[in-house]
**Student:** 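The structure follows.
The chains referred to below are lettered A, B, ... by the order of the sequence lines, with proteins before strands, and numbering in each begins at 1.
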Amino acid sequence: MLNQLPKNYDPKEFEKKVYQNWLDKNYFHAEVNEEKEPFTIMLPPPNITGALHLGHALDQTIQDILIRYKRMSGYEALWMPGTDHASIATEVKVVEKVKKEKGISKKELGREKFMDEAWAWRDTYGRRIVEQMQQLGSSCDWERERFTMDEGCNKAVTEVFVRLYEKGLIYRGNRIINWCPDCKTSLSDAEVEHEEKMGNFWHVKYPIKDEDLYIEVATTRPETILGDTAVAVHPEDERYSHLIGKIAVLPFLNREIPIVADTYVDPEFGTGAVKITPAHDPNDFEVGQRHNLPQIRVMNDDATINELGGPYVGMTRYECRKQIVKDLDERGLLVSTKERNHSVGHCYRCHTAVEPLTSEQWFVHMEPLAEPAIKAVKDGSIKIVPERFDKTYFHWLDNIRDWCISRQLWWGHRIPAYYCDDCGHITVQRTVPEICPDCGGTKLRQDEDALDTWFSSALWTFSTLGWPEETPELKYFHPTDVLVTGYDIIFFWVIRMVFSSLEHLEEIPFKHVLIHGLVRDAQGRKMSKSLGNGVDPLQVIDEFGADALRYTLIHGNSPGSDLRFSQEKLESARNFANKLWNATRFVLMNLEEEMPTMEEMAGNLALEDEWILSRMERTRLEVTANLDKFELGLALQKVYEFTWNEYCDWYIEMTKTRLYGDQVEPRQTAQVVLTEVLKGILRLLHPFMPFITEEIWQTLPSAEGSIMVASWPQAREKALKPDMETRMEHLMTAIRNIRNIRAEMNVPHSVKAALQVMAHTEESREVITMGTPYLKSLAGIAEVTFLEKFEEVPELAVSTIIPGAELYIPLAELIDIEKEIQRLEKEKEKALSEIKRVEGKLANEGFLKKAPTKLVEEEKAKKDEFQDMLVTLEKRIEELKA
RNA sequence: GGGGAAUUAACUCAGCUGGUAGAGUAUCUCCUUGACGUGGAGGAAGCCAUGGGUUCGAGUCCCUUAUUCCCCACCA
């Protein structure tokens, strides 16, 4: 007795064990190996802020499929895992934790102790993420696991910062930036989410100094009046030309501000006069620069009004807005209030409305970096899949502005800039300076700020391989092959990796970018904490198994599009696993200890053997092609269909006559082919469903080692047997038709019918002869006889047609003649409509001239076929009516 | 304001370089046949959103319209 499997598929029984075995055998590890071609994927490092969600599961499943496929195909496949420190998000979480546990703020705790807390957090969640990935089956090279704040990454970050600074591409400046009053840090443009909101548009009068005149401005943010330093009008706007150069008096503060002319102003919009607040509006900032206006910042870091706000000091920006509107109204300066839609920026982490304000920050000068990045995609060095995301990529780069990289946070890479207290000189260098190179002073302070998280993730493809050292790994594995990520982080990450790698390594970071969509809930809603519709991958794995989860995420999904996640899909995935499981049980219980090899049986193959082997070959060809084009959903679909519809539904059923027969030889061939094809299926399916395929593989005789290191089946076009496929098709049609007739005639299973065949071609006679055992076992036929003359056709019989032959079932006592005539009429209709279609085509001159000859031939053949069928049907109907 | 996507069977979605519409789920009929009822056999179900164009031929390519959904954007 060979190995046996339990009756039901229960992934919990083996998934952990299987994964542990892979770990023990070190199969995930990749090394520089000049004898093999490398294939590299860098895992987009998950944030250490919490647990993995279904989006991660999708992202990682795609990568795991690709990496397993390539590993089996003989590549030295490296999948480098790691986690991201996620500066803001983690810091916020740790701040909350400290507050909750210790009741103190981060300042009270102090920088050093705060960092200890953050590292402890990282240890906990970093480990949890690894565990989750392992449950999903991810075959990462854990020995190479990295963290964006580990020593190697730190070194790379410093190196990049210093190089860019020395090149003049990083600078420090007092500029307008996006400020999150809740996270209390600056944000890059990419980190601001804009939202359309209904707000008010207030028209306000500013008195003109020493004159009985007013200038009317319009604003959505009255609280910024406190920071106004000018009013601007269009230079050619005649309504205001007399006011240019005059002085307006700011309400409440009585500040005297000039009226300036600037083409930025759109005379058509609002009143045509704009209040200018250089310290709180990006456009106004620009105007301010052009006209040398002072910047008056009237808000604190928490967006309350500071002492420059006069009577409004201490109010929040919203309280202040309300109060100012009220005060303006009281003084008769409020002209009107209108409703108006406008977009407000929000922090992508905490969703607080962002406050634009001027601040001393570090920036990357983007223009010179953007250009090569655009070129790399334009010239095809980097291919984005699906292609349409090119537009997103270009659009962002074409409109890029300088990148604000400093964050007022502790958790992150501290900026390697040192200020001299004596002379104010700024030193940027790789190591901590002892003395100021300018004045020799020793009182040096390092910049307090940390770098944007994305600054370090931008280096991920090479900082993880040892850069700036010229390591063998870097040379061998870089550029990486595919970057797999969601469309939501093209801006944050993909673009920045491209220009970073091009700038520092002078090569692309990856050859392909494979974009996937978002995982949504069954109603199509985004999964979110506030909706409470998030699904925990671990719970899914617990209930259905990791393979079913992976199947659900991949099946029927196409690159770049969102997918809905539902219970039904999981069930269908689990059912498929169960089907495969039981097919294996069937095979196992019919095998014997001693089995010949496939090669030894090559001469004994029956029609169905040749057929299934040819079909498997075709499936291999298609699946491999799909995988190479990143069409994972299609690839999986094909494996599924081959497994269920061909192997299980037909081939297994057909082998039963041989397996249960008492002759050794045909039985052995069936046993060998059953095993061979099952193994073929397992190898094709392994990248998608690694656990079940491994578990089953291990039970099969003659399967050596792990399926993980088995070879990917090389598809051979010449192994296809199209004629065998056609013959089998005909036999299957015969069986289906007979089953159909039986169902329609309500012939119970117990009643075996005799089949009489009028064969017109040698081939059809052969098909029926070879197919006789299957007509018996699968179509309820008792025996098959061939008719030689038309006169022998029984009168009371139901009939059906396959190419080249008519099949009759005399069921005199059972058939209802009227019903049978109806059935035949229906078939006749079908034949007629087919003939009409084909004839229409063949009557078309253009078709005959321009369509490929092969197609024309096929159509002609079809026409003949259907016409024969029609003749037979008509004859048959006549006979029955008579 | 700009860009993109979607619109295919009751539902959720596939459909690659144009050549007679597919799957899963649900539904209807039958079946405890020695792998599987997490199953088997059979059936019903679609003017592939709209109007045009290119073509011998369009779900597939081009344009129009409608609806829905994303993304981007410095009109105060």
Side-chain angles (χ1 to χ4, degrees), chain A residues 5 7-9 176 194 201 217-221 224 232 264-266 268-277 281-287 340 342-343 356 386 388-389 391-392 395-396 399 401 487-488 490-491 517-518 522 524 555-558 560-564 566-569 571-590 622 625-626 629 631 633-634 637 640-641 645 648-649 652-653 656 659-660 736 739-744 746 748-750 777-780 833-834 837-838 841 844-852 855-856 858-859 862:
Chain A
L5 292 171
K7 184 173 169 188
N8 282 316
Y9 161 69
I176 191 132
H194 291 271
F201 201 40
V217 299
T219 182
T220 53
R221 305 195 56 210
T224 61
Y264 151 71
V265 180
D266 174 5
E268 305 292 312
F269 190 82
T271 63
V274 187
K275 58 188 274 315
I276 300 297
T277 324
D281 182 280
N283 291 310
D284 294 6
F285 179 84
E286 303 284 329
V287 175
R340 187 181 155 71
H342 63 126
S343 84
R388 71 181 123 96
F389 288 103
K391 292 215 175 184
T392 315
H395 184 260
W396 182 261
N399 297 288
R401 301 204 294 166
Y487 56 68
D488 49 337
I490 293 176
F491 312 123
L518 265 41
H555 184 88
N557 186 227
S558 58
S561 55
D562 293 351
L563 69 108
R564 293 191 193 201
S566 68
Q567 184 86 6
E568 290 80 52
K569 287 182 189 172
E571 283 167 11
S572 121
R574 191 238 4 235
N575 293 354
F576 175 57
N578 187 61
K579 185 72 180 176
L580 178 66
W581 185 264
N582 277 289
T584 307
R585 286 183 62 228
F586 172 81
V587 173
L588 286 174
M589 61 182 61
N590 287 292
E622 290 177 1
N626 286 136
K629 286 188 281 181
E631 296 164 348
L634 281 178
Q637 172 97 18
Y640 172 94
E641 281 169 5
N645 304 341
C648 291
D649 286 350
I652 283 187
E653 290 308 320
K656 285 179 180 173
L659 293 174
Y660 299 153
R736 268 196 215 104
R739 283 170 170 172
N740 184 341
I741 289 168
R742 294 180 65 108
E744 279 187 46
N746 289 325
H749 202 75
S750 53
S777 64
L778 305 179
S833 81
E834 284 300 312
R837 187 187 61 78
V838 180
K841 248 183 166 176
N844 187 330
E845 289 271 331
F847 178 74
L848 295 176
K849 266 190 221 155
K850 297 189 182 174
L855 196 73
V856 177
E858 275 173 25
E859 292 292 333
K862 270 181 211 162

**Student:** Counting side-chain heavy atoms from CB outward, which of B:rC74, B:rG39, B:rA14 is closest to A:Lys579?
**Tutor:**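 Within the option list, the nearest is B:rG39.
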**Student:** Name the nucleic acid region contacted by A:Asp266, choosing base, sugar-phosphate or nothing; use a 4.0 angstrom heavy-atom cut-off, strictly under.
**Tutor:**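 Base contact.
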**Student:** If you only use heavy atoms from C-beta on, which nucleotide in B:rA76, B:rG3, B:rA35 is closest to the side chain of A:Tyr264?
**Tutor:**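 In terms of side-chain proximity for A:Tyr264, the closest of B:rA76, B:rG3, B:rA35 is B:rA76.
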**Student:** Which listed nucleotide (B:rU38, B:rG39, B:rA5) is nearest to the side chain of A:Arg388?
**Tutor:**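 Comparing B:rU38, B:rG39, B:rA5 against the side chain of A:Arg388, the answer is B:rA5.
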**Student:** Look at all strands and tell whether A:Arg564 reaches a base, only sugar-phosphate, or nothing, counting heavy atoms closer than 4.0 Å.
**Tutor:**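 Answer is sugar-phosphate: A:Arg564 comes under 4.0 Å of backbone atoms only.
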**Student:** Does the ring of A:Phe847 meet both stacking tests against the six-membered base ring of B:rG57: centre distance under 5.5 Å and plane angle under 30°?
**Tutor:**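 It does not: the ring fails the test against the base of B:rG57.
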**Student:** Identify each atom pair where a protein N or O and an N or O of nucleotides 23-31 of chain B are less than 3.5 Å apart, giving names and distance.
**Tutor:**
from	atom 1	to	atom 2	distance (Å)
B:rG24	O2'	A:Ser572	OG	3.3

**Student:** So what does A:Gly556 hit on the nucleic acid, given a heavy-atom distance under 4.0 Å: a base, only sugar-phosphate, or nothing?
**Tutor:**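 Touches sugar-phosphate only.
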**Student:** Of the nucleotides B:rC74, B:rU20, B:rC36, which has the atom closest to the A:Glu834 side chain?
**Tutor:**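 Nearest listed nucleotide: B:rU20.
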**Student:** Roughly how far apart, to the nearest Å, are B:rU27 and B:rG18 at atom P?
**Tutor:**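 Straight-line distance between the two P atoms is 39 Å.
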**Student:** Side chain of A:Leu634: nearest nucleotide among B:rG15, B:rC72, B:rA35?
**Tutor:**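 Selected nucleotide: B:rG15.
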**Student:** For RNA chain B, what are the stems built from at least three Watson-Crick or G-U pairs in a row, each pair having both distances below 3.5 Å?
**Tutor:**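 Stems found: B:1-7 with B:66-72, B:10-13 with B:22-25, B:27-31 with B:39-43, B:51-53 with B:61-63.
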**Student:** How many Å lie between CD on A:Glu859 and P on B:rG57, as a whole number?
**Tutor:**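 In whole Å, B:rG57 P lies 15 Å from A:Glu859 CD.
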**Student:** Between A:Arg837 and A:Glu834, does any side-chain N to carboxylate O distance fall below 4.0 Å?
**Tutor:**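 A salt bridge links A:Arg837 with A:Glu834.
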**Student:** Where the side chain of A:Lys391 is concerned, which of B:rC70, B:rA76, B:rG3 is the nearest nucleotide?
**Tutor:**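 The listed nucleotide nearest to A:Lys391's side chain is B:rG3.
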